2 protein chains.
Amino acid sequence: MSTKKNIRIPCTLCPGKEHSLFSDLPREDLDTLSMHKTCIRYKKGQTLFYEGTRPMGLFCINSGKVKVYKISSEGKEQILKLAKPGDFLGYRALISEEFYNSSATVIEEGAMCYIPKSNFLDILQKNPAFFRKMAKRVAHELGLMEQKLVTIAQKSVRERLAATLIMLKETYGMEGDESNLIDIALSREDLANIIGTATETVIRLLSDFKTQKLISLQGKKIKVLDAKGLVREADFYGR
Amino acid sequence: MSTKKNIRIPCTLCPGKEHSLFSDLPREDLDTLSMHKTCIRYKKGQTLFYEGTRPMGLFCINSGKVKVYKISSEGKEQILKLAKPGDFLGYRALISEEFYNSSATVIEEGAMCYIPKSNFLDILQKNPAFFRKMAKRVAHELGLMEQKLVTIAQKSVRERLAATLIMLKETYGMEGDESNLIDIALSREDLANIIGTATETVIRLLSDFKTQKLISLQGKKIKVLDAKGLVREADFYGR
DNA sequence: TCCAAAATATGATATTGATCATTTTTCATA
DNA sequence: TATGAAAAATGATCAATATCATATTTTGGA
C-alpha cells in the first residue's frame, strides 16, 4: 500500500498563500481551516481523486505538482490543467454539487492539504466576499476553458505545442539564469495529452523545434532558447 | 439601420420561466427586473454583444435562437453554445468581472430582454440563494466545457457530427410526430463551426449519414431517422 | 552496478480531413 | 416570376498527423 504520511502545515505558512484564493480570508477562518485540514505527502503517480466519485473535500497543493485530466471512452487521457503549490483542486465539483468530472494525479511528489467539504462550505456560506471570489474564479476558468476549446479546434498541433511551451515557460520558468528552463517533469506523453495529439508527433515536433534552435532538450527538461521564435510558431498574434 | 422595436414582456410571462435561473426568485425581485429591463426584437444576423466589449447587462432570450461564438485569430468562427428561449447570456462575464470573451448573434429572430448590470448585481448581492444558483450554473457549465474540449481533442469529425446531431435532436426536437425533426435553422457552416471542421466536410458526412438512412434532409432542417445508429456512429457508450 | 521496463526516437505507411475548384440548388427580393 | 447571390453539393488533390513497427536511450529499482 501507499506510504502516505500525515503531516501538519499551518495554512498561514502555506507557500503562495498571499496569491491564493484564501489570501484575504480572515485570520479566524484560516485558523479554522488549519485546524480541520489534513496534510498528506503523495508520491509521483498517486491519485488525489477519481472522475465519477463524490467530492468530500477540497485539495490545496502545498508542494509538488499535479495533473488534472479526463479519460475518454477509448481510454485516452486529456489533461485539462496542471496545478502547482498554492493551487486548489476540486472546488468546481463542490460548487456545482456534482461528482468529480476529472481525475487528479501527482506528477511531482509533494504535500497535499485536504479540507473537509463541510468546513469549506461553512466558510463559503458565512463569508459572501469569499464566495464571490470563488464564483469569480470559476467564471474566469470557464473563459479560459472556452479559449482552450477554440485553440484545440482551430490551431494545428505544431501551433498548439509552441503555445503550450510558452505557457509552461511562463508558469514554470525559473529565476535568473535558468529562467528559460521549464521546471516541470512532463513526459512527452503528458505533453501530448495536454495538446491532444499522439506522443510520436510531440517527439517529432520537439526535435524539429530543437533543429530550428527554438528550444534545447536537457534530458526530460526543456529549455526555451528563442521565445520570440516560438511565439511566431504559435501564431500568437491577435489572440 | 436596424429596426429594433422596444416591446414589453413581463418576466412573469416569460416562456420557460419555470425552468430558468430566475425560476424561484421572489415575486418582488422578478417585478424589479420586469420594471427595469428592456425587450427588443432582433432579426436574424443581428448581434447582442461582441467579444472584447464590456458587459453592461444580462440578456434573457424570450423568443428566437442565438449562437454564442469566438472568432480565432485567423478569422474562423467557433460556436461555443446555442441559446434558446428561457436561456440567459452574458452572466459569465458579469460574474468574472471581465469583458465578453465571446460574441452572440441571432440565428432565428425573436425578442431579447436586457437587464441592466446594476439590477442583476443587486439581486445577486441581496439574494444569497440566487447567487449560489448562479455559481452552481457556472461551475456546471465549466464541467460541460471540459467535456467538449475532450470530445474535440479526441473524437473524429464523424463522431462529433453524429454526437452533435443527437444533442440537437434532444434539445430542439419537436413534439409528437415531428419529434425527430431538428427544429433549429443552422446552416452547414454553423454546424461546421460547432464541431470545429470545414463546411464541405459536414456536407459530405451529412450526405453519408443520409445514404446510411440515419438522417433525412428536408431543406435546411434535418430529421433523425435512426437515433440508435447515430449514437453508434458517435461512439457514445461509456461517456 | 546491472537489468528490465519505460521513455524516447526514428522510419514507413495509412488516413483523415482541409483546401481549392466547379456545379447545382435554394432563396430572397426586385 | 425572373435574377443574382448565397448556400449546398460534388470532385480532385494535398498536407497534417495518426498509426504501426522497430530501434535506442534512459531510468528506477533489485
Side-chain angles (χ1 to χ4, degrees), chain A residues 3 43-46 67 72 74-78 105-109 151-164 182 184-211 215-222 233-235, chain B residues 3 43-45 67 72 74-78 105 107-109 151-162 164 182 184-211 215-223 233-235:
Chain A
T3 56
K43 289 197 290 201
K44 180 176 173 172
Q46 291 185 316
K67 65 176 173 183
S72 73
E74 291 92 37
K76 272 196 288 186
E77 175 181 306
Q78 176 68 42
T105 295
V106 171
I107 56 176
E108 288 182 24
E109 75 157 291
T151 301
I152 290 207
Q154 307 208 341
K155 303 277 182 180
S156 69
V157 170
R158 187 186 188 89
E159 289 169 323
R160 282 182 266 153
L161 177 58
T164 299
I182 294 174
I184 180 173
L186 288 176
S187 67
R188 304 290 188 258
E189 191 180 358
D190 286 332
L191 221 32
N193 293 343
I194 292 172
I195 69 180
T197 189
T199 306
E200 296 95 321
T201 302
V202 166
I203 290 170
R204 274 181 247 269
L205 287 172
L206 282 178
S207 75
D208 224 65
F209 287 165
K210 186 180 166 188
T211 306
I215 60 172
S216 69
L217 303 175
Q218 335 205 315
K220 277 188 145 27
K221 296 278 172 85
I222 296 168
E233 290 284 347
D235 181 32
Chain B
T3 55
K43 289 197 289 199
K44 179 175 174 174
K67 65 176 175 183
S72 73
E74 291 93 37
K76 270 196 290 187
E77 173 181 307
Q78 176 68 41
T105 295
I107 57 176
E108 288 183 23
E109 76 156 293
T151 301
I152 290 208
Q154 306 207 342
K155 303 277 182 178
S156 68
V157 170
R158 187 185 188 88
E159 288 168 322
R160 282 182 267 153
L161 177 58
T164 299
I182 294 175
I184 180 173
L186 288 175
S187 66
R188 303 290 187 260
E189 190 179 359
D190 286 331
L191 221 32
N193 293 341
I194 292 172
I195 69 181
T197 188
T199 306
E200 296 93 322
T201 303
V202 166
I203 290 171
R204 274 181 248 269
L205 287 172
L206 283 179
S207 73
D208 225 65
F209 287 164
K210 186 181 164 188
T211 306
I215 60 172
S216 69
L217 302 175
Q218 333 205 318
K220 278 187 142 32
K221 297 277 171 84
I222 296 168
K223 193 170 216 168
E233 290 284 346
D235 181 31

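All of these numbers come straight from a predicted model, not from anything done at the bench. Here is the naming used below: chain letters follow the sequence lines, and residue numbers restart at 1 for every chain.
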Asks: Side chain to side chain donor-acceptor pair (under 3.5 Å), that's the test. Do B:Gln154 and A:Ser72 meet it? Break it down for me.
Replies: CA-CA 8 Å; B:Gln154 306 207 342; A:Ser72 73; 2.7 Å; yes
Asks: With distance as the sole test, does B:Arg188 use its side chain to make a donor-acceptor pair with the main-chain N or O of B:Val202 at under 3.5 Å?
Replies: no
Asks: Assign B:Thr197 to base, sugar-phosphate, or nothing according to its heavy-atom contacts below 4.0 angstrom with the strands shown.
Replies: sugar-phosphate
Asks: Taking for each residue the nucleotide of DNA chain D bearing the nearest heavy atom, is the 5' side occupied by B:Arg204 or by B:Thr199?
Replies: B:Thr199
Asks: To the side chain of A:Ser156, which of D:dT17, D:dG11, D:dT19 is closest?
Replies: D:dT17
Asks: Walk along DNA chain C from 5' to 3' and tell me the first and last nucleotide with an atom closer than 4.0 Å to a non-hydrogen atom of chain A.
Replies: C:dA7 to C:dA12
Asks: Measure CD1/B:Ile107 against C1'/D:dA6 and give the value in whole Å, please.
Replies: 17 Å
Asks: Looking only at the side chains, is there a donor atom on one of B:Thr211 and B:Asp208 sitting less than 3.5 Å from an acceptor on the other?
Replies: no
Asks: Which residue is it: A:Leu191, A:Thr197, A:Thr201, A:Ile194? I am looking for the one with a side chain to side chain contact (heavy atoms under 4.5 Å, CB included) to A:Leu161.
Replies: A:Leu191
Asks: Mapping A:Leu217 and B:Arg158 onto DNA chain C by nearest heavy atom, which one lands closer to the 5' end?
Replies: A:Leu217
Asks: For the residue pair B:Lys44 and B:Glu109, what are the closest heavy atoms and their distance?
Replies: N-CB, 3.8 Å
Asks: State which of D:dT19, D:dA18, D:dG11 makes the closest approach to the side chain of A:Thr201.
Replies: D:dA18
Asks: Mind calculating the distance between NZ (A:Lys44) and P (D:dT27) to the nearest angstrom?
Replies: 10 Å
Asks: Taking atom NZ as the centre, does B:Lys210 end up with more than 12 heavy-atom neighbours from other residues, nucleotides or ligands that are less than 6.0 angstrom away?
Replies: no
Asks: Expressed as a whole number of angstroms, how long is the span from B:Asp208:CG to D:dG11:P?
Replies: 12 Å
Asks: B:Gln78 and B:Asn193: which non-hydrogen atoms are nearest, and at how many Å?
Replies: NE2-O, 3.2 Å
Asks: Whole-Å distance between D:dA16 P and A:Lys155 NZ?
Replies: 16 Å
Asks: Can you tell me the distance, in whole Å, between the CD1 atom of A:Ile203 and the P atom of D:dT17?
Replies: 16 Å
Asks: For B:Ile215 and D:dA8, what is the distance between atoms CD1 and C1' respectively, to the nearest whole Å?
Replies: 13 Å
Asks: Could you tell me whether the phosphate oxygens of D:dA8, OP1 or OP2, come under 4.0 Å of any side-chain nitrogen or oxygen in B:Lys220?
Replies: yes
Asks: What integer distance in Å separates B:Glu200:CD from D:dG11:C1'?
Replies: 11 Å
Asks: Find the distance A:Gln218:CD to D:dT25:C1' and express it as a whole number of Å.
Replies: 17 Å
Asks: According to a strict under-4.0 Å criterion, is B:Arg188 in side-chain N/O contact with OP1 or OP2 of D:dA9?
Replies: yes
Asks: OP1, OP2 of D:dA9 versus side-chain N and O of B:Ser207: anything below 4.0 Å?
Replies: no
